[in-house]
Amino acid sequence: MQSEFRQLPSIDKLLRDARVQDLAAVHSVGAVSNIARETVESVRRRIAAGEACPSFDELVDAVAENAALALTVSLRRVINATGVVIHTNLGRAPLSKEAVAAMSEVALGFSNLEFDLETGERGSRHEHVESLLTRVTGAEAGFAVNNNAAAVLLALMALARDKEVVLSRGQSVEIGGGFRIPDVMRQSGARLVEVGTTNKTYVADYEEAIGPNTSLLLRVHSSNFRISGFTHSVELAELVELGRRRGVAVLDDLGSGALLDTTKFGLAHEPMVQESVAAGVDLVCFSGDKLLGGPQAGLIVGKKALIERLKKYPLARALRIDKLSLAALQMTLLHYLDGDAIDKVPVWRMIQTPQEEVHRRAELWLSALDRTSLKAETIRGESTIGGGSLPGETLPTSLLAIQLDDTRAAGALAERLRTGSLAVVGRVERGKLLLDPRTVLPEDDVQLISALQEALW
Ligand SMILES: *Cc1c(COP(=O)(O)O)cnc(C)c1O
């Protein structure tokens, strides 16, 4: 083993190598020396574990490989061919071109983020979305924070710290990614009072739970699951009526929250923000990057007095939205006001694409493949909405299906597609690799086809 250690070159010798010098010219000597040191260190550990010392060339290869992994940006574009429109792991909603342009304009220079150009005095970042939000939703007031989890936490802390919040047992849910209502409640310092049962809750259950210490009636939209059968839940209007009568505010966590009616697209009804506002709910929270189709954000709309309390609550500063998201959010909301959200917001463009159109693109992808050596066809399938909206609901779609020998071979092709020069993510089912054009932006078709050809080569 000692002799193996002695074969290890010095860091200096590695740094004098021509390939390592090239790396140092692209990056920096400091960064590349650190990589070289880490590489030698890990080889030293492997030798101690009984392995042989690699050759000098292998060591240089390892340095180059480690540099390629470490000295690069890891967040990159992915083509989503999964058929899940709002894919949380793939970054949720893609933005409209106009929203991206608005972001870029604000990003490249300075902006009036917190500056009133009329008076030349300090302004508020909240003003940039308030008017748009109230016009779109019909609420008196509104503002944006970092994400919907932050919106819910802020509302609970500002309004119910050391007080009680009444919630139906059927809505004490986990949304995913560690967001569990009972945990968020504990974190906020509010005391959760669960009422009813998992499947049935009545107004009387809420009413009995209201005491001198009750500060909120909470409704949480059961975003990502459905209970059916012997169930009963309380209508929002009933909850609002009870809240009014007993002087307790109602907070509605809509999760996705739609601004357009999903039934127009052959889907079940996803609760709309406007409906909650019209029902008289005091505060409604929803996400910016689910069915709204905008940037990551948490939107809170409702009664002016409560919104003002939330804006002024100290935690609001820690949860505030950044200027780039704000720019994209403004433009996305404007698409709704202009009545062209269906055509401009990618999430809605994907949802409203008719199956014939998806099929035409699946055929186009198929025609680009060399089918002498490949079993491929287009088949009918289903796309889903995702992002914790409309669980179990599907849109009829057309898929490009590539038949492999078995599931392992299909998985290997899926991996080549994910790790190619442009990452494409599809899904594997029973020995088939399935790609759904619905969730691929039409302008990406050409690139998808070359990625596919590269992976099949
Ligand atoms: C998605 C969701 C959240 C969390 O929203 P983020 O924008 O991901 O922070 C909270 N509540 C419900 C009901 C949700 O569906």
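Order of listing sets the numbers, starting from 1, for every ligand and every atom in it.
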Next item on the list: Could you please spell out the steps behind the side-chain hydrogen bond (donor to acceptor under 3.5 Å, both in side chains) verdict for Ser389 and Glu270?
Entry: CA-CA 7 Å; Ser389 15; Glu270 176 73 15; 5.0 Å; no

Notebook entry, point to check: Under 4.0 Å from any heavy atom of Ala149, which atoms of ligand 1 are there?
Noted result: 4 (C), 5 (O), 6 (P), 9 (O)

Check: What are the atoms of ligand 1, with element, lying closer than 4.0 Å to any heavy atom of Ser287?
Finding: 5 (O), 6 (P), 7 (O)

Notebook entry, point to check: Under 3.5 Å, is there a donor-acceptor pair linking the side chains of Ser96 and His335?
Noted result: yes

Checklist line | Sub-4.0 Å atoms of ligand 1 with respect to non-hydrogen atoms of Phe179 | finding: 10 (C), 11 (N)

Next item on the list: First locate atom CZ of Arg427, then atom CG of Asp436, and finally report the distance between them rounded to the nearest 0.5 Å.
Entry: 6.0 Å

Check: For Val152, is the nearest heavy atom under 4.0 Å from an atom of ligand 1?
Finding: no

Next item on the list: Mark yes when over 12 heavy atoms from residues, nucleotides or ligands other than Glu140 sit less than 6.0 Å from its CD; otherwise mark no.
Entry: yes

Notebook entry, point to check: Backbone, side chain, both or neither: what part of Arg92 comes under 4.0 angstrom of ligand 1, heavy atoms only?
Noted result: side chain

Notebook entry, point to check: Quick one: does His221 get an N or O within less than 3.5 Å of an N or O on ligand 1?
Noted result: no

Next item on the list: Decide whether an N or O pair under 3.5 Å exists between Asp253 and ligand 1.
Entry: yes

Check: Hey, is Glu114 close enough to Arg125 for a salt bridge, meaning N to O under 4.0 Å?
Finding: yes

Notebook entry, point to check: Can you find a non-hydrogen atom of Lys290 under 4.0 Å from ligand 1?
Noted result: yes

Item checked: Parallel, tilted or perpendicular: ring planes of Trp348 versus Phe265, cut at 30 and 60 degrees -> tilted

